[in-house]
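These notes concern the structure reproduced below.
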There are 2 protein chains.
Amino acid sequence: MRPSSAELPVLGSGVIRERADAARNRLRILAAAERLFRTHGVAGVTMDDVAAQAGVGKGTLYRRFGDKGGLAVALLDQRERELQQRMLSGPPPLGPGAPAADRLGAFVRAYLDLVEAQLDLVLLSETSTPGARLRTGAHAFWRQHCRYLLAESDATDPELRADVLLAGLAAEQVRYWLRDEQRDLDVLARALCAAALSLLR
Amino acid sequence: MRPSSAELPVLGSGVIRERADAARNRLRILAAAERLFRTHGVAGVTMDDVAAQAGVGKGTLYRRFGDKGGLAVALLDQRERELQQRMLSGPPPLGPGAPAADRLGAFVRAYLDLVEAQLDLVLLSETSTPGARLRTGAHAFWRQHCRYLLAESDATDPELRADVLLAGLAAEQVRYWLRDEQRDLDVLARALCAAALSLLR
DNA sequence: TGACGAAGCGGACTGCGGTCCGTTAACCTT
DNA sequence: AAGGTTAACGGACCGCAGTCCGCTTCGTCA
């Protein structure tokens, strides 16, 4: 889909290596975007701004990241990978070893924290285009994990219920709870965990 | 928020009546939009197209409907009101008289049908701007209804669970299930009803 | 090391959503 | 019925996301 550092060709395989200027520009763009987003807020930065700040043409920006959402995806990549690692091989209850229900609760909590910490960026990555949320590589990962845990607990229709759960964790919805309804993050997390557990039956 | 025919000033109260040219233009615009959306698809129609086809300036379009999503909301208004009437005073299990759990299932089914029948329009109304979905008057209605039914069944945290349920019924998600995953509407409806019932406990 | 092919670059350009503000005409008042 | 008030109109205008295509530079291979 969208090229990000995660999906770039890897040295040694049959795939061609990333060209030097391309690599340099990719880093420049990411650095510039992060700086601008931090100081002006995600909404206050245009793609022209990013290109100019990175000292790069707009075409380069789009060739690399596809669209504004793709840029957000790339910026989120690092944090998401960390969480994914913890889920795959970290300590329980998030990592393997705990009962599926506990792991699901731990995931909801950890994912919610990640979304909250990067709300604007996640929102951008999920809403830049209708349906974007469901098309990122990261989303496929979260879904796969939830499906597995739901199936493990003999939930009916784990695929669909994983999607329902993740729909409830969409940035748009989380932002509404947190900002518009002023819900406390911890209380919200507990309530969502309980709802997730309900979906197990 | 967004002015729609539903919120227009009503004759007789202290509020000022809609001017004659305004009423004429409103109808022209809605007719033009419906015609264009039907023949060219929602995505293939620009606001300039609508204005031109309606024989009206663009400013008029925006003054009346706020943005493209507002136009979609207005077009959906009729169908949504019908469903709302059935929920408030139609026959059970959708209307009053049946157990809350049955009414919830009936709502999920009926709402899903409405979304499916007008997928592109609902999608537009929910995604024209991030968070639009949660801000329409209709959404407040669906939410209120679900909250009530959940509370009636002694569900924990009915407010939050209503939001989770409705997030799962968002047009973006429904389109994904129907179009990308090719799920059968009936099967999907049954699975979602089951998930909704799980949220009751 | 020179030269060739292709990946990558960059910025002018396009199209569309949304705004602004000078003009028009509906409705009220007397 | 004439005049004044003001809501409503309309289309030129703006900003930004995203595209296109002629030019540049990288990496390779002889």
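The model shown is predicted, which means the values in this text are computed figures rather than measured ones. Throughout, protein chains are lettered first and strands after them, A, B, ... in sequence-line order, and every chain is numbered starting at 1.
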Can you tell me how far [atom2] of [N] sits from [atom1] of [X], to the nearest Å?
X: B:Ile29; N: D:dC9; atom1: CD1; atom2: C1'; answer: 10 Å
X: B:Arg63; N: C:dT24; atom1: CZ; atom2: P; answer: 17 Å
X: B:Glu18; N: D:dT6; atom1: CD; atom2: C1'; answer: 16 Å
X: A:Leu61; N: C:dG10; atom1: CG; atom2: P; answer: 11 Å
X: A:Leu124; N: D:dC16; atom1: CG; atom2: P; answer: 15 Å
X: A:Asp48; N: D:dC14; atom1: CG; atom2: P; answer: 16 Å

- Message: I need the A:Arg133 CZ to A:Leu166 CG distance, nearest 0.5 Å.
- Response: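 Those atoms lie 6.5 Å apart.
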- Task: Check each of B:Arg38, B:Arg175, B:Arg179 against B:Asp120 using the salt bridge (Lys or Arg N to Asp or Glu O under 4.0 Å) test, and report the only one that passes.
- Result: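 Only one of B:Arg38, B:Arg175, B:Arg179 forms a salt bridge (Lys or Arg N to Asp or Glu O under 4.0 Å) with B:Asp120, namely B:Arg179.
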Within less than 4.0 Å of OP1 or OP2 of [N], is there a side-chain N or O belonging to [X]?
X: A:Lys68; N: D:dA17; result: yes
X: A:Asn25; N: C:dG8; result: no
X: B:Thr60; N: D:dA8; result: no

- Message: Both A:Tyr62 and A:Gly59 contact DNA chain D. Which one's nearest nucleotide lies toward the 5' end?
- Response: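 Nearer the 5' end of the strand: A:Tyr62.
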- Task: Nearest-nucleotide wise, let me know which of B:Arg19 and A:Met47 is further upstream toward the 5' end of DNA chain D.
- Result: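 Its nearest nucleotide lies further toward 5', so the answer is B:Arg19.
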- Message: Side chains of A:Thr129 and A:Arg135 only: does a donor on one sit below 3.5 Å from an acceptor on the other?
- Response: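 There is no such pair between these side chains.
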- Heavy-atom neighbours of A:Glu82 CD exceed 12 at 6.0 Å: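 Enclosed.
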- Message: Counting only heavy atoms from other residues, nucleotides and ligands, does the tally under 6.0 Å from CZ of A:Arg79 exceed 12?
- Response: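 No, not enclosed.
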- Describe, in one word, how the ring planes of B:Phe141 and B:His145 are oriented to each other, choosing from parallel (under 30°), tilted (30 to 60°) and perpendicular (over 60°).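 Parallel, since the angle between the ring planes stays under 30°.
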- Out of B:Val115, B:Val122, B:Leu121, which residue meets the side-chain contact (heavy atoms from CB on, under 4.5 Å) rule with B:Leu119?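 It is B:Val115; the other options fail the test.
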- Message: Let me test you: for the helix from C:dT1-D:dA30 to C:dT30-D:dA1, what is the angle between the axes at its two ends (five pairs each), rounded to 10 degrees?
- Response: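 That helix has its two terminal axes inclined by roughly 0°.
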- Where each residue is assigned the nucleotide of DNA chain C containing its nearest heavy atom, which of B:Lys58 and B:Asp21 is assigned the position nearer the 5′ end?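 Comparing both residues, the 5'-ward one is B:Lys58.
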- Message: Can you identify which nucleotide, out of C:dC9, D:dG27, D:dC9, has its nearest atom closest to the B:Arg64 side chain?
- Response: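 In terms of side-chain proximity for B:Arg64, the closest of C:dC9, D:dG27, D:dC9 is D:dC9.
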